[in-house]
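One structure below.
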Amino acid sequence: MPAAQRTSIVFTGFMGAGKSGAARAAARALGVEAIDTDAEIERRAGAPVAEIFAREGEREFRRLEAEVVELALAHGGIVAIGGGAVETESVREALRDHLTVLCRVREEVAWERCRGGPRPLAADREEFGRRYVARRPLYEAVARVVLPTGGERIGTAAAPWLDVLRGAPDVRMAWGRTASSEYPVAVGPGACELLGTEGAPAAGAKLFAVADPAALAAGVPAPEVEATIDAAGGEAAKTLASAAAVLDRLAELGVRRDDAVAAIGGGVVGDLAGFCASVYQRGVPVVQVPTTLVAQVDSAIGGKTGVDLPAAKNYVGTYHQPFAVLADPRALDSLPGAELAAGWAEVVKTALIAGGELWERVRAISGTAAARESLPGVVFDCAQTKLSVVAEDERDGGRRAVLNLGHTVGHAIEAASGYERYRHGEAISLGLLAALRLSGRDELREEVGELLAAVGLPTGLDPAVDPAAVIEATGRDKKRSSAGLGFVLVRAPGDIVHGEPVPERELEAAVRELRA
Ligand SMILES: NC(=O)c1ccc[n+]([C@@H]2O[C@H](COP(=O)([O-])OP(=O)(O)OC[C@H]3O[C@@H](n4cnc5c(N)ncnc54)[C@H](O)[C@@H]3O)[C@@H](O)[C@H]2O)c1
């Protein structure tokens, strides 16, 4: 049996995460049996889990559980393991050879689902919380796939991707779920090959690329396509005229409604191709294949597409969630250092939004040699942060606004300098510093300034850019509603607020300070 077929797909996660339902649905979708190790333990012991716990104690239960898990893994099928199995070291060790899928669940949701039930560890709220915190890093350490929560629907949707991931051991997968769609975000060497793998879901009858020639010339990994339409990177190319040219080419190539588009390039090509895909014949699927750091950590995810007007950035656009996002970190090998640095600004932004472990990691590695080798993990974690924000608010009516941290002033700097002086990420670097000043977080502003400077990002505004023009351009930000322009402010890493009014003179001072 080939290694991929011996690899079990193992669902894990805290009590109440829905892992058994997800496993059952995935097994049904793939036409195999699902083994539930708790049910298997009960069958062997001839008693319910709660009784084994009460009679023999947790230690004996874990011993029995480890035995059953190891036997179940040997089948190479689909397995749902008990939430506490990861506490046993030999189980964690055994899971390394398999595809482990973490079904995430928030602590309060898990408690609501489990309280009053038969689970022995869901009797006491405090103990429940303690276990939740203690197990979290154990799940993270073993999981190659992270689903937002389990249940039948997600098990069915994710099943074909999980099946092909068995044969791609270096690829991790997160899952996008919004009101309008669900999609995988695959990160790792070999991610682009998933689409061509037998059994992988097809994006469309035929796949056509809209691709940045610079990325293709650099030999970035990309899926196989019928034909390629060139679309240049660089903000100057993100125009309605470029969109019209791409749409004309799609029509000339005879692309039909049941075909799909692969957007291969940085954020510019991703936004442009995504926009074209969303309007071509009223919409065809788009597969995002991000080849810059900005695109891998941010723009390829979340479904915002669009182009600029001379008046302001992203003034024309749509929401069009991707069919899949396939991010291969090897694409970043050819990225010029300045582009990589620009992407780091979005990494710092995302880490500030996430707080916790991601923020600690990013502040530790910014500008060090460790940053490069940590990139795949950082990309994966940034992707998860963005996915979880978008899951709550696909259409930017509330919480999604936090992703705009640093972007109000950042976009205004881009517009005021004719989209030529700064890369997007460089402008965001300056925008982040302005946002931290407006947040009144002086110490954090200083630290973030150091993190950005450590990778060569600008922390001071070019004297050629007129601060008055920047302030004026913030007035055209499309986030401005009739109620005025709300700002995204930082209370602390992981604690971000949006829609905050800021007095005009404070905004002026924060922008002028960038020139100091
Ligand atoms: N849709 C969203 O949610 C979202 C989020 C963040 C940013 N964005 C948008 O993303 C854009 C910026 O994206 P970007 O920074 O990726 O810019 P970009 O697409 O212009 O790429 C930067 C440069 O890198 C080149 N390039 C791309 N891949 C390469 C590779 N692998 N090797 C060598 N060169 C390569 C491009 O040709 C270009 O010159 C902005 O327009 C911004 O508004 C959108």
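Remember, it's 1-based here, ligands and their atoms both numbered in the order they're listed. Quantities reported herein were computed from a predicted structural model and do not represent experimental measurements. Just so you know, these numbers use all the heavy atoms, side chains as well, and skip hydrogens, waters and symmetry mates.
Within the 3.5 Å criterion, the main-chain N or O of Gly266 finds no donor-acceptor partner in the side chain of Thr292. Under a 3.5 Å cut-off, the side chain of Thr350 and the backbone N or O of Glu346 do form a donor-acceptor pair. In terms of modelled atom types and a separation under 3.5 Å, the side chain of Asp328 and the main chain of Cys192 share no donor-acceptor contact. Between the side chain of Arg400 and the backbone N or O of Asp393 there is no donor-acceptor pair closer than 3.5 Å.
Closest of all the heavy-atom pairs between Ser417 and Val465 is CB-CG2, 4.0 Å.
Within 6.0 Å of atom CZ in Arg372, more than 12 heavy atoms from other residues, nucleotides or ligands are found, so the atom counts as buried in its surroundings.
Using a 4.0 Å cut-off between heavy atoms, Lys313 contacts ligand 1 through its side chain alone, with no backbone atom that close. When heavy-atom distances to ligand 1 are checked against a 4.0 Å cut-off, Asp212 comes that close only through its side chain, counted from C-beta outward.
Nearest-heavy-atom check against atom 9 (C) of ligand 1 across Val268, Asp271, Val390, Leu332 picks out Asp271. When Leu335, Asn314, Val307 are checked for heavy-atom proximity to atom 26 (N) of ligand 1, Leu335 turns out nearest.
In this structure, Arg505 does not pair ionically with Glu508, as no charged nitrogen and carboxylate oxygen lie closer than 4.0 Å. Ionic pairing of Arg136 and Glu357 is not present here: no N-O contact between side-chain nitrogen and carboxylate oxygen is shorter than 4.0 angstrom.
The Lys238 neighbourhood of ligand 1 comprises atoms 9 (C), 40 (C), 41 (O), 42 (C), 43 (O), with distances under 4.0 Å to a heavy atom of that residue. Those atoms of ligand 1 with a heavy atom of Ala214 less than 4.0 angstrom away are 37 (O). For ligand 1, the atoms lying closer than 4.0 Å to a non-hydrogen atom of Glu346 are 6 (C). Close approach of ligand 1 to Glu235 (heavy-atom distance below 4.0 Å) involves ligand atoms 40 (C), 41 (O). The distance from ligand 1 to the heavy atoms of Val220 drops below 4.0 Å at these ligand atoms: 31 (N). Those atoms of ligand 1 with a heavy atom of Ser334 less than 4.0 angstrom away are 30 (C), 31 (N), 32 (N), 33 (C). Every atom of ligand 1 with a heavy atom of Glu339 under 4.0 Å away is listed here by number and element: 22 (C), 23 (C), 24 (O). In the vicinity of Lys304, heavy-atom distances shorter than 4.0 Å reach the ligand 1 atoms 1 (N), 3 (O).
Looking at atom 20 (O) of ligand 1, its nearest protein heavy atom turns out to be Gly234 N, 2.6 Å. The single protein non-hydrogen atom nearest to atom 10 (O) of ligand 1 is Gly267 CA, 3.3 Å, given as residue, atom name and distance. Ranking protein heavy atoms by distance to atom 12 (C) of ligand 1, first place goes to His424 CB, 3.9 Å. Among protein heavy atoms, the minimum distance from atom 28 (N) of ligand 1 is reached at Thr291 OG1, 2.7 Å. The protein heavy atom nearest to atom 8 (N) of ligand 1 is Ser299 CB, 3.5 Å.
Using a non-hydrogen distance threshold of 4.0 Å, Ala331 registers as a contact of ligand 1.
The shortest N or O to N or O distance between Thr305 and ligand 1 is not below 3.5 Å. For ligand 1, the polar-atom distance check finds an N/O of Thr292 within less than 3.5 Å of one of the ligand's N/O atoms. Distances between N or O atoms of Val269 and those of ligand 1 include no value under 3.5 Å. On a distance-only criterion, Lys386 and ligand 1 share at least one N/O pair closer than 3.5 Å.
The one candidate from Lys313, Arg423, His424 that meets the side chain to side chain donor-acceptor pair (under 3.5 Å) condition with Glu235 is Lys313. The side-chain contact (heavy atoms from CB on, under 4.5 Å) with Thr385 is formed by just one residue from the set Leu358, Ile301, Leu403; it is Leu358. Screening Asp298, Asp271, Asp396 for a side chain to side chain donor-acceptor pair (under 3.5 Å) involving Lys304 leaves a single residue, Asp396.
Remark: Leu240 CG to Leu309 CG distance equals 5.5 Å, nearest 0.5 Å.
Between Arg104 and Gln384, the closest side-chain pair of non-hydrogen atoms falls below 4.5 Å.
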